[in-house]
Structures are given as C-alpha cells and as structure tokens.
Amino acid sequence: MTTESNIRVRFAPSPTGNLHIGGARTAIYNWAFAKQHNGKFILRIEDTDPERSTLENTTQIIRSLRWLGLNWDEGPEVGGDFGPYQQTQRSETYKELLKQMMESDHVYPCFCSPKELNAKREIACAAKQNYGYDRCCRLISTDEAQARIAAGEPHTWRLKIPLNRGDITFDDAVYGSITVPISELDDFIMVRSDGTPTYNFVVCADDYLMQISHVIRGDDHLSNTPKQILVYEALGATVPVFAHLSMILGSDGKRLSKRHGATSVEAYRDAGYLSDALVNYLSLLGWAPDGETTIFSREQLKTAFDLERVSKNPAVFDANKLNWINRDYMKEMSAEAFLDALAPWLTESELLHNLPLAPKSTDDIYAKRSWYLQLQPLIVERIQTFADAAPMIAYLFSGPEVTLDKNSVEKCLRVADANKFLQIAIETLASINDSKLAWTHENIEAALRSIPEHLAVKPKLVFQAIRVAICGNMVSPPLFESIALIGRDFTLARLEVAKEYTLLA
RNA sequence: GGCCCGUUCGUCUAGCGGUUUAGGACACCGCCCUCUCAAGGCGGAGAUCACGGGUUCGAAUCCCGUACGGGCUGCCA
C-alpha cells in the first residue's frame, strides 16, 4: 500500500512553442520527485499570453509528455480536484483573488499608459539609472482612484510592495539560500488594462490554489521568485519550496535554439530515438545518481533522484552520448520489443518502398515474424537510432538483384580471382541443398569457409567479393546471417549477376 | 547600468576540508578480437579544479575580490 503524501508538484508549460528538451527535463525531474514521494504530478497549461499561445502547441506538448511516459495525476485529459488546469479557463478565480487583494489593500490601480511608462524607462536607461516603476499611482487617493475607474479610465493593477518588509530570502532546493533586497523590486503589474492577469500573478495564484508544495522549474524564473514570494504573501498563502534548474545549452555553449538542430521532443521521436533512452539521457543533464552510473531505469530514477544533487551550472546537450545511450537501450530490448519498435521504420521507409520484398504493412511483418525477429542482432550494434535501420538492411529486400556500390565493385570484384571465388561460392552454396543441409547461417558459414581454406588465400579476399555480390557493398551487416535471410535462390542469383562485374577470368 | 546566479578533462559529471598522483561516462587515439563495418575486451591521451587573494597544520571543497558566462530588470512566460 502506498502512503499518500502532501507533495504536489507541477509542470506548467506555456504553449507558445512545442515541448523542447529543456522543458522535458524539467518535466522529468518534477515527475521523478513526485513519484519518489508518493506525491502528485500535475500538468497545468499556462496560456495567459493570447498572442503566442496556440492549441496546436498544447496538443503537441501533451502528446510529447505521453510519449515520454510522464503521466500526470491531475491536469488536462485526466481532470482532478483543483481544475480547470488551463489558465485561460480560470479567469473567474483570478478575478476573485484580485478582489480579495483589493480589499486587503495589497494592490492598487495604476493609470499610467504604456507610452508614459516606456518614456520613463527610456529616460532611466539613457541616464544609466536603475529603472523601476516610480509608484506615482500609489499616491492617488482611494476616492480619486474609484472615481477614475468609474469614469472608465484604463488602468492596470499593481502589487503594493510592503516597503517595510525587509529583504527577501528563500532557500532554493538547488541553489541554496538566496537573498534579494526589497528595494530591487518594483510594484509590478498583476492585472493588465484589459483585465487579464499576468504571469507573476497567475503562477502564484494557481500554485497556491492547487496546493503545490514544490515549484521545480527553469532558472530563468529564479529572478522572478522574490516577486512571487510577495504575491504569495499578499494572497495569504504558504510559500512553496522552490527548486530552480539550469538551462540546457547547444554545443556552442549558447542557449538551445533552432540552429542547433533538433530541439523538440518530437524531433527526437521522429529521428528514431527510444523515449526511455531520451528520458535517461535528459535526466543525466544536470544530475547524476553518483559518479559511476550512466544507465538507469525510470524506477531507479524515481528512487535515486535528489533535488539537492541537481547541478547549478548549465549543461551542454551532447548528441553523441544520447546516441550511445539509445543504442544501449536498443541492445537491451527483447527481440519482440525491438521488432515492434522497428516495424514502422520499415513499413514507412521511402527507401524500402520500391523494393520487391519490403514489408508494406505490419501484417507483412507479422506473416514472417520469425524472419524479422532475426534482424535485431544483425543491425542493433550498427545503428544509433531506428532511422538508421532501413538503409542498413535495404539489400535484404531487393530480391534476385541488388544495387552494387561502384566503389565496392572496384575494390572487391574487379580484382584477381574474384570471378573464381564467386563461381566456387555458387557451387558450394548449391551443395548445401544437395546434401540436404538446412539453409542456416551456421551451415552457410561452414561451407563458405572451406573456400579460402582450399584455395589457401586470405578469407577476407573471398568473403569481401561475396559480400559485395550479396549485399551490394563492402560494408554490411554479417555476411552469413545475411545470406541465410536472403535465401538460397536470391543468393545464387545475386552471385551470378555479380560475376558480370568481375574481371574476365 | 542595477540585482541575482554560475565557473572540475572537448562534453556530461563524481567530489561536500585530509582516504585524490582529482574518479566515471561519451567522444578521441592505440592494441586485441574479426568475413567488412560495428559491437566487445584491454590500454592511452586528456582538468595547473576560471583567475587572484585570504581562513586553515591542510582547500577543487570555506570566505572575499576579479574576469568571463547566463538570467531578470515588459500591460512575455
């Protein structure tokens, strides 16, 4: 029986873009932390920016999280007692909280126009002065403010920062104690002139109302935290524990962006990565269970994860290591699981599409399942993602003829004795059938190995010629297994074709 | 400009005052294995712990500066 705890964390993406790997790591840490403590992992969509938020992004984010296996206990699609979990659907709640703060004198209306504010900011900036709202509207009397509001004058609502409060200190689970002088904070806007709430307001309101115990998020919010603490205080709420995560950088040490190639989670899915491997790799970016362990399951992550071990400095994303981890996961998969994951990469491959024997549907694969199950050991050590599979094994599906690589022909077929090797190979392989031996890679290997032995030549010489004839290239997966999979008739046919390319004997 | 934060091999990191000639992993190089390519095994190179001062018998580890990098400084989130 699992003990319920009061640990409640949330992942709160704003749908202004797709789920990128930085966000994914934040989600992973939140998820691991919640699961470790038998707490709740909540998904909340922060779509308060109407300009940039889209439904497409929301669905993409949800799809990505599902693919990563980070299922949430409360949020879109699953509901929960603290919904709705989409901020645009919570405006009534924010209005009530604003009213509450008006009554408790924690906010005041500001009639300054954006134009005026910008002008002041520019003057301050030009004078190299520290800019902060000058609080001019804070001095307006309540009566006057009421009258101006009643008259329909546009206004925002600002937080009335307690001037006598003293410095703000909080204990970040990752960064430790952080103190900011209250003089650094200005009376920031909580509600825009159109009545919609701003981020710094809603994020606190929701974390408060949803009883979030730990706020684990990107460190771009570290500087906003003191402001938010003031909002919690204005709301009369308990301040949650904060844990800020450093960002993930591109190989040039700059913030990850489009020019670094794939940044979205779905780009990795589409590039043929396993979600388990991605989760494992991303977990390692900024956190390590110890100095040794690299590969760990989600279960182990749940057990070992520790906010205090999260690194404070930004991590550079390294595709090499992801590739290595991905291959490790592919190697560890059962043949069945590997085939199931591989199947769509074969049936949907454009490269394979025109080959006579390529699978067109999962039914095709199912019909020859035992044949397909033999692919994993053949290719798994040679591919980094499933996307690499089709080009690696296209030669298996081309029937009696295979496209011969020009360079390979030059190097391995247009050489002395190649014609002889192929001819003997044909006779030798044919004899497997004659002697009623099964067409297995063991029998094929035994038969073919006798060739260089009898001719007293280097095995490589013979096998490379045969390899080019069968696989079309001097680099390929193992030869004998390939011959076994291609079958006797097509193998012999390919050897005959290849003879045409050898020097005349 | 102001405030906040960070800085250990190319990269991710271990390290929380002595056990460290700074450990592991990826990448790199070499050897072995070998039907090619991989994979695997073994080995190698690679970090004056950003720099400069302290504190201490002793510092990568604690403190203070400096440099560099990042974040915030919006009626964005």
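These numbers come from a predicted model, not from an experiment. All chains are named by letter (A, B, ...) in the order of the sequence lines, taking the proteins before the strands, and each is independently numbered beginning at 1.
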Mind listing the closest non-hydrogen atom pair of A/Thr293 and A/Leu284 along with its distance? O-CD1, 4.4 Å

For A/Tyr133, is the NZ or CZ atom of A/Arg158 found under 6.0 angstrom from the centre of its six-membered ring and inside 45 degrees of the ring axis? yes

Counting side-chain heavy atoms from C-beta on, which of B/G71, B/A77, B/G70 comes nearest to A/Lys254? B/G70

A/Pro13 near the nucleic acid: base, sugar-phosphate alone, or nothing, with a heavy-atom cut-off under 4.0 Å? nothing

Is any side-chain N or O of A/Asn313 closer than 4.0 Å to OP1 or OP2 of B/G69? no

Can you tell whether the side chains of A/Asp318 and A/Lys321 come within less than 4.0 Å, N to carboxylate O? no

Among B/G2, B/A14, B/U11, which nucleotide has an atom closest to any side-chain atom of A/Asp318? B/U11

For B/C33, the Watson-Crick or wobble counterpart (both distances under 3.5 Å): none

A/Asn224 near the nucleic acid: base, sugar-phosphate alone, or nothing, with a heavy-atom cut-off under 4.0 Å? base

Students often get this wrong, so: under 4.0 angstrom with heavy atoms, is A/Phe480 touching a base, only sugar-phosphate, or nothing? base

When you check the gap from the basic side-chain N to the acidic O, do A/Arg135 and A/Asp186 get nearer than 4.0 Å? no

What interatomic distance, in whole Å, is found between P of B/G69 and the corresponding atom of B/U56? 35 Å

Specify the residue among A/Ser14 and A/Leu285 whose closest nucleotide of RNA chain B lies further upstream toward the 5′ end. A/Leu285

Would the base of B/C75 count as contacting A/Ser193 through its side chain, where contact means a donor and an acceptor less than 3.5 Å apart? yes

Looking at every strand, decide which applies to A/His244 at a 4.0 Å heavy-atom threshold: base, sugar-phosphate, or nothing. nothing

For the side chain of A/Pro478, counting heavy atoms from C-beta on, which of B/C35, B/C5, B/U13 is nearest? B/C35

Strictly by Watson-Crick or wobble contacts shorter than 3.5 Å, is anything paired with B/C62, and which nucleotide is it? B/G54

Give the ring-plane orientation class for A/Phe386 versus A/Trp345, where under 30° counts as parallel, over 60° as perpendicular and anything between as tilted. parallel

Is A/Leu284 touching bases, backbone alone, or none of the nucleic acid, heavy atoms closer than 4.0 Å? sugar-phosphate

When all nucleic acid strands are considered with a 4.0 Å heavy-atom cut-off, which category describes A/Arg217: base, sugar-phosphate, or nothing? nothing

Determine the Euclidean distance between corresponding P atoms of B/A22 and B/U61; express it in Å to zero decimal places. 14 Å

Is the ring pair A/Phe317/A/Tyr281 parallel, tilted or perpendicular, if the boundaries are 30 and 60 degrees? perpendicular

Should A/Arg382 be listed as having a side-chain N or O under 4.0 Å from OP1 or OP2 of B/U36? no

Value in whole Å for how far the P atom of B/C75 lies from NE2 of A/His155: 16 Å

What integer number of Å spans the P atoms of B/C68 and B/C32? 50 Å

Length of the line joining A/Asp134:CG and B/U73:P, which is rounded to integer Å: 18 Å

Which whole-number value in Å describes the distance from A/Lys411 NZ to B/U36 P? 15 Å

Looking only at atom C1', what distance separates B/C33 and B/G43, rounded to whole Å? 15 Å

B/G54 to B/G15 separation - P atoms, rounded to the nearest Å: 29 Å

Classify the side chain of A/Ser246 and the base of B/G6 as holding, or not holding, a donor-acceptor pair under 3.5 Å. no

I need the CG-P distance between A/Asp405 and B/C37, as an integer number of Å. 15 Å

For the side chain of A/Glu381, starting at C-beta, report the closest nucleotide among B/C75, B/C4, B/A39. B/A39

Please confirm whether the shortest side-chain N or O distance from A/Lys321 to OP1 or OP2 of B/U13 is below 4.0 Å. no

Nearest-Å distance once atom P is located in both B/A25 and B/C42: 10 Å

Of the listed nucleotides (B/G74, B/G24, B/C3), which one gets closest to any side-chain atom of A/Val180? B/C3

Regarding the side chain of A/Tyr131, the nearest nucleotide among B/A77, B/G74, B/C37 is B/G74

Distance check, C1' atoms only: B/G44 and B/A27, in whole angstrom units. 14 Å

Tell me: CH2 of A/Trp287 to P of B/A14, nearest whole Å? 10 Å

Within the pair A/Arg25 and B/C12, is there a side-chain N or O less than 4.0 Å away from OP1 or OP2? no

For A/Thr48, answer base if it contacts any base atom (sugar-phosphate contacts may also be present), sugar-phosphate if it contacts only those atoms, and nothing otherwise; contact means non-hydrogen atoms under 4.0 Å. sugar-phosphate

Which part of the nucleic acid, if any, lies within reach of A/Gly286 when heavy atoms closer than 4.0 Å are counted: base, sugar-phosphate only, or nothing? sugar-phosphate

Can you tell me the distance, in whole Å, between the CG atom of A/Asp252 and the C1' atom of B/G70? 14 Å

Students often get this wrong, so: under 4.0 angstrom with heavy atoms, is A/Thr196 touching a base, only sugar-phosphate, or nothing? nothing

Which comes earlier along RNA chain B counting from the 5' end, the contact point of A/Ala12 or that of A/Ala288, where each point is its nearest nucleotide? A/Ala288

Starting the side chain at C-beta, find the nucleotide from B/C75, B/C35, B/A77 nearest to A/Arg449. B/C35

How far does the C1' atom of B/A60 sit from the matching atom of B/C51, given to the nearest Å? 14 Å

Among B/G74, B/A25, B/G71, which nucleotide sits nearest the side chain of A/Trp324? B/A25

Counting only Watson-Crick pairs (N1-N3 plus N6-O4 or O6-N4) and G-U wobbles (N1-O2, O6-N3), all under 3.5 Å, who is the partner of B/A67? B/U7

Nearest of B/C4, B/C35, B/A25 to any side-chain atom of A/Pro181? B/C4

What's the NZ-C1' distance between A/Lys115 and B/C75, to the nearest Å? 16 Å

If only side-chain N and O atoms count, and only distance matters, is there a donor-acceptor pair under 3.5 Å linking A/Ser476 with A/Tyr395? no

Would you say the side chains of A/Gln423 and A/Glu427 form a donor-acceptor pair under 3.5 Å? yes

Between A/Glu233 and A/Arg165, is the closest basic N to carboxylate O distance under 4.0 Å? yes

Taken to the nearest whole Å, CE/A/Met247 to P/B/C4 is 19 Å

So, does A/Arg327 get its side chain near the phosphate of B/A39, meaning an N or O under 4.0 Å from OP1 or OP2? yes

Return the nearest nucleotide to the side chain of A/Tyr175; candidates are B/C5, B/G23, B/A27. B/C5

What does A/Arg255 touch in the nucleic acid at a heavy-atom separation under 4.0 angstrom: a base, only the sugar-phosphate, or nothing? sugar-phosphate

I'd like to know if A/Asn130 reaches the base of B/G1 with its side chain, counting only an N/O donor and acceptor under 3.5 Å. yes

Angle class for the A/Phe305/A/Trp287 ring planes (parallel below 30°, perpendicular above 60°, tilted otherwise)? tilted

Identify whether any heavy atom of A/Ser476 sits under 4.0 Å from a base atom; if not, whether one sits that close to sugar-phosphate; answer base, sugar-phosphate or nothing. base

